[in-house]
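Computed from a prediction, not measured in an experiment: that's the story for all the values here. Numbers here are sequence positions counted from 1.
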Amino acid sequence: QVQLVESGGGLVQAGGSLRLSCAVSGRTFSSYHMGWFRQAPGKEREFVAAISWSGSYIYYADSVKGRFTISRDNAKNTVYLQMNSLKPEDTAVYYCAAKSGDTPSGSERNYNYWGQGTQVTVSS
């Protein structure tokens, strides 16, 4: 069983930065592709960013491209999401997720394991 625990969320003013972390335990972290998703109140969960197991392939949603950076440290079993130039519309619960297989994915249905989420609130 794989367990994912997010941390680093909080309240920040527009234009500020936060770094989310997702610690993974249970099985070989380096064999999983990782993704970040978010869900705002009243909206469906949406893709934010994904990274392959090696870190060689990275994908972003258009809405965060140029502002967010996904990275991973396989020695620490942790994936990160650095969020800069935050906007009120970035307010959401952020989830990390893990998937096996050949490639990372922007579709949540392809992810096998999920964390409990961490709240990010951006004030205007």
Side-chain angles (χ1 to χ4, degrees):
Q1 188 71 13
V2 177
Q3 295 181 323
L4 293 78
V5 179
E6 302 97 335
S7 61
L11 174 64
V12 64
Q13 289 187 334
S17 298
L18 282 174
R19 187 175 84 154
L20 305 183
S21 300
C22 175
V24 181
S25 62
R27 298 190 68 175
T28 307
F29 173 70
S30 60
S31 66
Y32 286 93
H33 309 298
M34 301 298 297
W36 285 98
F37 293 78
R38 67 186 182 186
Q39 187 167 22
K43 295 186 177 181
E44 294 186 351
R45 190 155 54 185
E46 65 176 5
F47 169 73
V48 175
I51 186 168
S52 63
W53 67 267
S54 65
S56 297
Y57 299 96
I58 291 175
Y59 308 96
Y60 295 101
D62 288 343
S63 59
V64 306
K65 205 171 291 183
R67 299 188 298 122
F68 290 11
T69 302
I70 188 172
S71 62
R72 66 189 294 159
D73 185 338
N74 286 347
K76 296 183 177 179
N77 287 5
T78 303
V79 62
Y80 305 98
L81 186 68
Q82 177 67 44
M83 306 186 295
N84 298 330
S85 302
L86 282 161
K87 305 175 181 180
E89 51 263 44
D90 294 318
T91 295
V93 177
Y94 283 71
Y95 299 89
C96 69
K99 73 175 293 289
S100 55
D102 294 334
T103 60
S105 172
S107 175
E108 62 174 291
R109 70 184 67 182
N110 293 327
Y111 286 80
N112 308 100
Y113 304 100
W114 291 83
Q116 82 290 347
T118 185
Q119 176 71 47
V120 171
T121 303
V122 184
S123 63
S124 57

Of all heavy-atom pairs between G9 and V120, which one has the smallest distance, and what is that distance?
CA-CG2, 4.1 Å
Going through the checks in order, is the side chain to side chain contact (heavy atoms under 4.5 Å, CB included) test met by F68 and L86?
CA-CA 9 Å; F68 290 11; L86 282 161; 3.8 Å; yes
Quick one: pull up OG1 in T78 and CZ in F29 and give me the separation to the nearest 0.5 Å.
6.5 Å
Give the C-alpha distance, both sets of side-chain angles, the deciding distance and a yes or no for side chain to side chain contact (heavy atoms under 4.5 Å, CB included) between Q119 and T91.
CA-CA 8 Å; Q119 176 71 47; T91 295; 4.0 Å; yes
So that I can tick it off, tell me whether K87 and D90 are bridged by a salt bridge, with the cut-off set at under 4.0 angstrom between side-chain N and carboxylate O.
no
Could you measure the distance from the OH atom of Y113 to the SG atom of C96? Nearest 0.5 Å is fine.
13.5 Å
What are the two closest heavy atoms between S100 and N112, and how far apart are they?
N-OD1, 3.2 Å
Derivation of the side chain to side chain contact (heavy atoms under 4.5 Å, CB included) call for Y95 and L4
CA-CA 9 Å; Y95 299 89; L4 293 78; over 6 Å; no
Examine W36 and V2 and state if one hydrophobic cluster contains both, with Ile, Leu, Val, Met, Phe, Trp and Tyr joined whenever side-chain heavy atoms are less than 4.5 Å apart.
yes
How long is the span from the OG atom in S31 to the CH2 atom in W53, to the nearest 0.5 Å?
9.5 Å
Following the transitive rule for hydrophobic clusters with a side-chain heavy-atom cut-off under 4.5 Å over Ile, Leu, Val, Met, Phe, Trp and Tyr, establish whether L20 and V122 coincide in one cluster.
yes
More than 12 heavy atoms from other groups under 6.0 Å of NZ on K65
yes
Kindly give the heavy-atom pair with the smallest separation between S85 and S17, and that separation in Å.
N-OG, 4.3 Å
For the student: nearest non-hydrogen atoms of A92 and A40, plus distance:
CB-N, 3.8 Å
Is V48 reachable from I58 through a run of I, L, V, M, F, W or Y residues, each pair having side-chain heavy atoms under 4.5 Å apart?
yes
For residues G106 and F37, report the shortest heavy-atom separation together with the two atoms involved.
O-CE2, 3.7 Å
Whether N110 side chain and K99 backbone form a donor-acceptor pair below 3.5 Å:
no
Here the gap from C22 atom SG to R72 atom CZ, rounded to the nearest 0.5 Å, amounts to 10.0 Å
Backbone of S105 reached by a side-chain donor or acceptor of H33 within 3.5 Å:
no
Value for CZ (R67) from CD (Q82), rounded to nearest 0.5 Å, stands at 12.0 Å
Counting distance only, does the side-chain N/O of R45 pair as donor-acceptor with the main-chain N or O of V93 below 3.5 Å?
no
Can you hop from Y80 to Y94 via hydrophobic side chains spaced under 4.5 Å?
no
Determine yes or no for a side-chain-to-main-chain donor-acceptor pair under 3.5 angstrom, with E6 supplying the side chain and Q116 the backbone.
yes
What's the spacing between R38 CZ and M83 CE if we round to 0.5 Å?
9.0 Å
In the single-linkage hydrophobic clustering (I, L, V, M, F, W, Y; side-chain heavy atoms under 4.5 Å), do F47 and Y60 co-cluster?
no
